[in-house]
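Presented below is the structure to which this report refers.
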Protein chains: 2
Amino acid sequence: MPFTYSIEATRNLATTERCIQDIRNAPVRNRSTQFQLAQQNMLAYTFGEVIPGFASAGINGMNYRDVIGRPVENAVTEGTHFFRDDFRVDSNAKAKVAGDIFEIVSSAVMWNCAARWNSLMVGEGWRSQPRYSRPTLSPSPRRQVAVLNLPRSFDWVSLLVPESQEVIEEFRAGLRKDGLGLPTSTPDLAVVVLPEEFQNDEMWREEIAGLTRPNQILLSGAYQRLQGRVQPGEISLAVAFKRSLRSDRLYQPLYEANVMQLLLEGKLGAPKVEFEVHTLAPEGTNAFVTYEAASLYGLAEGRSAVHRAIRELYVPPTAADLARRFFAFLNERMELVNG
Amino acid sequence: MPFTYSIEATRNLATTERCIQDIRNAPVRNRSTQFQLAQQNMLAYTFGEVIPGFASAGINGMNYRDVIGRPVENAVTEGTHFFRDDFRVDSNAKAKVAGDIFEIVSSAVMWNCAARWNSLMVGEGWRSQPRYSRPTLSPSPRRQVAVLNLPRSFDWVSLLVPESQEVIEEFRAGLRKDGLGLPTSTPDLAVVVLPEEFQNDEMWREEIAGLTRPNQILLSGAYQRLQGRVQPGEISLAVAFKRSLRSDRLYQPLYEANVMQLLLEGKLGAPKVEFEVHTLAPEGTNAFVTYEAASLYGLAEGRSAVHRAIRELYVPPTAADLARRFFAFLNERMELVNG
DNA sequence: AGTCCACCGGGGGACT
DNA sequence: AGTCCCCCGGTGGACC
């Protein structure tokens, strides 16, 4: 399972493990798709033994856009190898898969950061390979975190402890009388304080070696373990991943950040909700301006401590930069948690 | 310029007027586009003598999705005629053009509605062809409206009179001190009260006969005439057009409606801002739920008159339905304007 | 010629 | 097998 395409590795794959699935004889109803980009196989192929930022110096310091582009590149090489001139995938297929890969790989990088951080927090010291500077915050098992890659269709409110969900439910019940609502959806990823009952579990301190299918399932299913167990102030960071930007595609995170701030800060007394957006291709400067928008709830309340809805639009140059930045964030933000 | 593809009509077009432009020998830098869907030519071809809702009964009552799909259909027919197997356009090209056509044609329907409405308002009586039921509001020249199809990159604040822009600017100046902002963008269309200085102009009462290029320019440039001349309470309706929906593509209108409500209702004392979304393919019911969201500004203020940010997600069955609904809206909303 | 803007439909996977 | 979810890149035109 090489990061760099290998004809030998490809040859050894069972057809069900290949990156390209030929569905010309088993078409999906109402679609003309001939070949599918098997996203999970692609991740296992290219990142089966590699988590960027926790791999070789070459990969850790490689342009992150190129790293994220590699699975599609490898898949296209495979498809061309097996199907020659017949091979074709729609640009929308590549777009969909590239977007998911950016999200899943970045989540894996942050998962490993969290594992390393947690290991420091329980007093195991600071792992040295690959080298990142040691955080300065004084270690405490209560300052461990969980990185949750949230699934499609998720509702971040379901992470909260029942009492907090109840507060939100009552608020909504009041709105419903007037035919109103305040539906919540989700960021792509949430970093939360690891609940007390998990603070001795080793799994939260184990760095994964690659995105094999079992590891994919571990990461994508992790959120289920924490549903109903997070205090409002323990949602430490929310992230939206967008491989590239368009001016019309900026608003789901901006709106959701506003709603989270209204509910968590306004109704549940949580500290500032940190919501950021990651991209590899901002395409101009307009997005940075859009994301200077003040959080509407704070504005309306006329509070003194008004802040942006989106804390930052971040363009990771390399996986190592992403990791460094996340460590720095944890070092600062986790000070809020009593050690 | 037929609504139904005509080989004769196509044959008579100069190559610059054709719906398909062959750019294989003049490629756009960094693009692989071979044939362009000349959107403005397509509108002139299919709708050059037709404004749905103001045309024959067959077109007025035709499934609006099919009406809106016709320009691309005709263009593909033309392209296949001239270029046979060489002809290909990316689905993203069709997507872009179909979206713009939905916006421009719907704006034209509403433009003609406004013309008919205005004619009634200045005492010229109610035009009878095609037949729509006569509004009941007592006519007044001050109750005329302008339908503005707003361009890309627009800022709706620029419509407002200088005093109101000044209020917003001061509010923003306060935010800027904290590194914050509250940028505004735009709905696709705004219906505003026709300013006094235009209330005798005939152009606002003239129904257009079709989307010839000059008429396209008239409609798309109309907003320039009203910039700086609209009172905050005179933005009667804002519309976002989305030919089809996806759950991630709902939020620009939702967010912008919230910002408009904060600024117009909250800072400028305007009555309820009516912002709606039109689509031809909602794809499930989720969007209807998302758009039940209460306006965040009203919520935070704890005002009594909280309302939805988006008043309605509307799926026009036919152009005639769209026209009828707009007349009904005007009949109700324009009562707010002193006659 | 170059840059920016905002359009949306074809998607792989989760779930039923 | 059917439905839903949320991914984004290729676009025609405006403006420079």
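Note on naming: letters A, B, ... go to the chains in the order of the sequence lines (proteins, then strands), and numbering restarts at 1 for each one.
The phosphate of D:dG9 (OP1 or OP2) has no side-chain N or O of A:Ser91 nearer than 4.0 angstrom. Here B:Ser244 does not reach the OP1 or OP2 of C:dC8: none of its side-chain N or O atoms lies under 4.0 Å away. One finds no side-chain N or O of A:Gln36 lying less than 4.0 angstrom from the OP1 or OP2 phosphate oxygen of C:dG13. OP1 or OP2 of D:dG9 lies within a sub-4.0 Å distance of a side-chain N or O belonging to A:Arg243. Between A:Gln40 and C:dG12, a side-chain N or O to OP1/OP2 separation shorter than 4.0 Å is absent. Phosphate contact (OP1/OP2 of D:dG2, side-chain N/O of A:Arg29, threshold under 4.0 Å): present.
Here D:dG13 presents its P atom at 18 Å from CG of A:Asp248, a figure rounded to the nearest Å. Here C:dC7 presents its P atom at 18 Å from CG of B:Leu37, a figure rounded to the nearest Å. Going from atom CZ of B:Arg246 over to atom P of C:dA6 covers 21 Å, rounded to whole Å. What separates NE2 of B:His278 from P of C:dC7 is a distance of 14 Å, to the nearest Å. When the C1' atom of C:dC4 is taken as reference, atom CG of B:Asp100 falls 14 Å away, rounded to whole Å. Rounded to a whole Å, the CZ atom of B:Phe35 is 16 Å from the C1' atom of D:dG10. Remark: P of D:dA14 and CD1 of B:Ile104 are 9 Å apart, rounded to the nearest angstrom. Here D:dC8 presents its C1' atom at 11 Å from CZ of A:Arg152, a figure rounded to the nearest Å.
With respect to the salt-bridge test (charged N to carboxylate O, under 4.0 angstrom), the residues B:Asp100 and B:Lys96 qualify.
Shown here, C:dA1 forms no base pair; nothing in the strands shown gives a Watson-Crick or G-U wobble contact with both key distances under 3.5 Å.
Mapping B:Leu245 and B:Ser185 onto DNA chain C by nearest heavy atom places B:Ser185 at the nucleotide closer to the 5' end. Comparing A:Phe102 and B:Asn41 by the nucleotide of DNA chain D whose heavy atom lies nearest to each, the residue mapping closer to the 5' end is A:Phe102. Nearer the 5' end of DNA chain D, as judged by each residue's closest nucleotide, is the contact made by B:Glu283, out of B:Glu283 and B:Gln224.
A donor-acceptor contact under 3.5 Å is not formed by the side chain of B:Asn286 with the base of D:dC5. Interface remark: the B:Lys96 side chain does not form any donor-acceptor pair with the D:dG10 base, using a distance-only criterion of under 3.5 Å. A donor N or O paired with an acceptor N or O is found under 3.5 Å between the base of D:dG9 and the side-chain atoms of B:Asn92. The base of C:dG11 lies outside donor-acceptor range of the side chain of A:Asp90, with no N or O pair under 3.5 Å. Contact of A:Arg31 with C:dG9 (side chain to base): no donor-acceptor pair of N or O atoms is detected under 3.5 Å.
Note: B:Tyr45 and B:Tyr5 have tilted aromatic rings, judged against thresholds of 30 and 60 degrees for the angle between ring planes. Using cut-offs of 30° and 60° on the angle between ring planes, the pair B:Phe3 and B:Phe47 is tilted. Using a 30° and 60° split on the angle between ring planes, A:Tyr251 and B:Tyr255 fall in the tilted class, from 30° to 60°.
When each of D:dC15, C:dG12, C:dC7 is scored by its nearest atom to the side-chain atoms of B:Tyr223, the top-ranked nucleotide is D:dC15. Here the nucleotide nearest the side chain of B:Arg249, chosen from D:dC5, C:dC8, C:dC5, is C:dC8.
Within the 4.0 angstrom heavy-atom criterion, no nucleotide atom of any strand lies near B:Lys94. Heavy atoms of A:Thr33 sit under 4.0 angstrom from primed sugar atoms or phosphate atoms, though from no base atom.
At least one side-chain heavy atom of A:Val109 sits less than 4.5 Å from a side-chain heavy atom of A:Tyr64.
Residues that satisfy the salt bridge (charged side-chain N to carboxylate O under 4.0 Å, His left out) test with B:Asp155, not counting sequence neighbours, are absent from this structure.
Between the side chains of B:Asn286 and B:Ser247, not a single donor N or O lies within less than 3.5 Å of an accepting N or O.
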